[in-house]
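Just so we're on the same page: letters track the sequence lines, and every chain starts at 1. Keep in mind that the numbers below use all heavy atoms, side chains included, and drop hydrogens, waters and symmetry copies.
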Amino acid sequence: MAVEKIVTRRFDNLKAHELDEYVATGGYEGLRRALSMSPSEVHDEVRTASLLGRGGAGFPAGVKWGFCPPNVWPRYLVVNGDESEPGTYKDRQLLERDPHQVIEGCLITCYAVGLTQCFLYVRGEMAHAQERIAKALNEAYAAGYVGKNILGSDFSVDVVLHWGAGAYIVGEETALIESLEGNRGMPRLKPPFFPAAVGLYGQPTIVNNVETMANIPWIVERGGDAFAAMGAENSKGTRVFAVSGHVNNPGVYEVEFGTTTFRDIIMGDEYAGGMRDGKALKGFVPGGASAPWFFEEHLDLPLEKVAVDQAGSMLGSGAIVVMDEDTDMVKACHNLVRFFARESCGKCTPCREGTTWLERILSRIIAGQGRPSDLSLLMEVSENISPGIAWPPRQTTICPLGPSAVSPIASALERFRNEFEDYITLSDRRVIPVGAA
Amino acid sequence: MSRLSEANLRIAHDILSRYPKKKSATIPLLHLAQEQDGYVTDDAMEHIAELVEVTPAEVLGTCSFYEMFKRAPVGDYRINICHGIACHLLGADDLIHHAEETLGVRQGTVTDDGKISIEGVECIAACTEAPCLQVNYRYMNNVSNEGFDVLVKGLRDGTVSVPKHGTLALTRQQIPEDKAAGNAWVEPDDAPAWWPEPEGDA
């Protein structure tokens, strides 16, 4: 099942982050090829490739690029490297180990869509990635790959490295733009603030994920058809998955999109290598903290967007977190909900208040102070954030952060209700009469 | 005290020149201030407000939203122990407990010698290396209790060298003037030079 690697193709080369080594291994060939084509021809290659955005929502990049209103300038590219979804560990690797590939992808995108400036937004906590990107950009500027009259052509664009400062919500594209404008990272209402129409400084803006950018050089170099020949009907090319938790070989694996199954990647010897200590699988998170959980019966599903969506979850950001039979599902659920409660930006009431209350209720259940009515209360609060608690979630909020907190609760309560009940029946809520202690 | 120093002011102007609107430089300048002083001082925020041409309250508004910006000293070494889901499954809670016990501090507080503070933080994107932590945003993977003790000892006796809190990347982006595209100031409604006229099917 050895499949050609695209974005991680240089990961075995520990010097790939240096310009000389990158160029020696075929780097910036995609950019050269793009500059020999017209912008619309480059755009067509990406359309043909059917490259789905790799950030979480999975929207086709070529289609997104077409949403810029004609003849409105300047237009911007904002690259989302604010990777913070729990379990996700791919963009940081791409930035640290092959930074020029991401930069080359940005340049080609700017050329194809007529974007006049690129902002590469790297998560604040990633000091090493920032360093690698800064060095790579400095080298690329000096060598004429970035900046004025790139490779002697009339194509000129600046790529500006921008650091975040610690806020998960900034991974949401409109919040990312707010943050880049120097504000608190709170999402904007869509419509009217669809970034492609009204984005950074009110101008047309394309927001793409780091892994999406890393795919572009290969696509232009080898052609959209070659990319579309890999993967399944609705999920082309390859995808990077980080498998973590109770497995033998936690790691980051690039696999053919749509044909590999969860069983392959979790149990397969060439990937995560099965459950640690021979334990049984209890459940797994298939696509980051926001995704409803999967179980034993979902193992044979392919890593493919439509199949996973129909099964009631999502591949999201490519984060598979595996939990074994000894996992306390109430604590795992609390852990995920606490994340959303802490990271809620506070703009919409259902999310700000709802996630906070969900976290408090789960906390008191774990602390042995749970009440029998707490389980229905959890569902009631969830219902207020995401009416119907369905998949895909409906939302009473501007962005999907609030409804994301509902996913682990719905999953855990449906499957492991007895564990919650055990906490409550065994809880120590005796009323101690005054003076009796 | 602690407006931006002369040297940092030069860096600040460099950063400001890269953005079409000055306010965009707010977060990068807050990082610069934190690098200078170890945390973000009120004076630095006022200075930044002058530079990006907004009120100090607006700078504070942005500053207070982001977890990384500290408005009080946090010690030379900030140890952020990840308690995201992957680390949670592999013992993060025990590690945090161990850290609190051995250092004699609670999360968010600084040791008596003013050197070290700890905090449980959300996922830091090293999930396959759980449990993990960062010292001033430098990673340490697969951390055991013993590994944590060795780290703390090393930080205290200077055998483990980590840049002080506030310093992120040691290399900054430089855009030489003669190489810059300078598109930030492109005239409105002016298509870029490489764009064919009239525009196609965008």
Modelled atom types, side-chain donor and acceptor of A:Arg132 and B:Thr171, under 3.5 Å: no
B:Lys164, NZ atom: more than 12 neighbouring heavy atoms under 6.0 Å: yes
So which residue, [options], ends up with the most heavy-atom pairs under 4.5 Å with chain A?
{"options": "B:Gln174, B:Glu129, B:Met68, B:Lys21", "result": "B:Met68"}
{"options": "B:Asp93, B:Leu89, B:Asn80", "result": "B:Leu89"}
{"options": "B:Ile15, B:Thr26, B:Ile85", "result": "B:Ile85"}
{"options": "B:Pro28, B:Ala126, B:Gly84, B:Cys87", "result": "B:Ala126"}
{"options": "B:Glu67, B:Lys22, B:His83, B:Gln34", "result": "B:His83"}

Name the region of [X], side chain, backbone, both or neither, that has any atom closer than 4.5 Å to a heavy atom of chain B.
{"X": "A:Leu161", "answer": "both"}
{"X": "A:Thr327", "answer": "side chain"}
{"X": "A:Cys333", "answer": "neither"}
{"X": "A:Gln203", "answer": "neither"}
{"X": "A:Ile169", "answer": "side chain"}

Taking the side chain as C-beta and beyond, is there a heavy-atom pair between [X] and [Y] under 4.5 Å?
{"X": "A:Val252", "Y": "B:Thr128", "answer": "yes"}
{"X": "B:Cys123", "Y": "A:Tyr168", "answer": "no"}
{"X": "A:Pro39", "Y": "B:Pro196", "answer": "yes"}
{"X": "A:His246", "Y": "B:Leu90", "answer": "yes"}
{"X": "A:Lys135", "Y": "B:Gln173", "answer": "no"}
{"X": "A:Tyr201", "Y": "B:Lys23", "answer": "no"}
{"X": "A:Asn183", "Y": "B:Phe65", "answer": "no"}

Got a donor-acceptor contact below 3.5 angstrom from the [X] side chain to the [Y] backbone?
{"X": "A:Asp158", "Y": "B:Gly182", "result": "yes"}
{"X": "B:Arg138", "Y": "A:Ala127", "result": "no"}
{"X": "B:Thr62", "Y": "A:Gly182", "result": "yes"}
{"X": "A:Glu125", "Y": "B:Tyr137", "result": "no"}
{"X": "A:Asn138", "Y": "B:Arg172", "result": "yes"}
{"X": "B:Tyr66", "Y": "A:Gly185", "result": "yes"}
{"X": "B:Arg18", "Y": "A:Val160", "result": "no"}
{"X": "A:Glu131", "Y": "B:Leu170", "result": "yes"}

Residue B:Asn136 versus chain A: region with a heavy atom under 4.5 Å: neither
Contact origin within B:Ala130 toward chain A - heavy atom pairs under 4.5 Å: neither
Ion pair check, A:Arg342 and B:Glu122, cut-off under 4.0 Å: yes
Identified side-chain contact (heavy atoms from CB on, under 4.5 Å) partner of B:Pro192 from the options A:Thr116, A:Asp154, A:Leu115, A:Val157: A:Thr116
is_close_aromatic(B:Tyr19, A:His162), centroid dist under 6.0 Å: yes
Atom pair CH2/CD1 of A:Trp163 and B:Ile27 - distance to nearest 0.5 Å: 12.5 Å
Nearest-0.5 Å distance that lies between atom CD in B:Glu58 and atom CZ in A:Arg184: 11.5 Å
side-chain contact (heavy atoms from CB on, under 4.5 Å) between B:His88 and A:Phe339, intermediate numbers included: CA-CA 12 Å; B:His88 164 81; A:Phe339 170 78; over 6 Å; no
Mutual orientation of the aromatic rings belonging to A:Phe155 and B:Trp194 [parallel < 30°, tilted 30-60°, perpendicular > 60°]: perpendicular
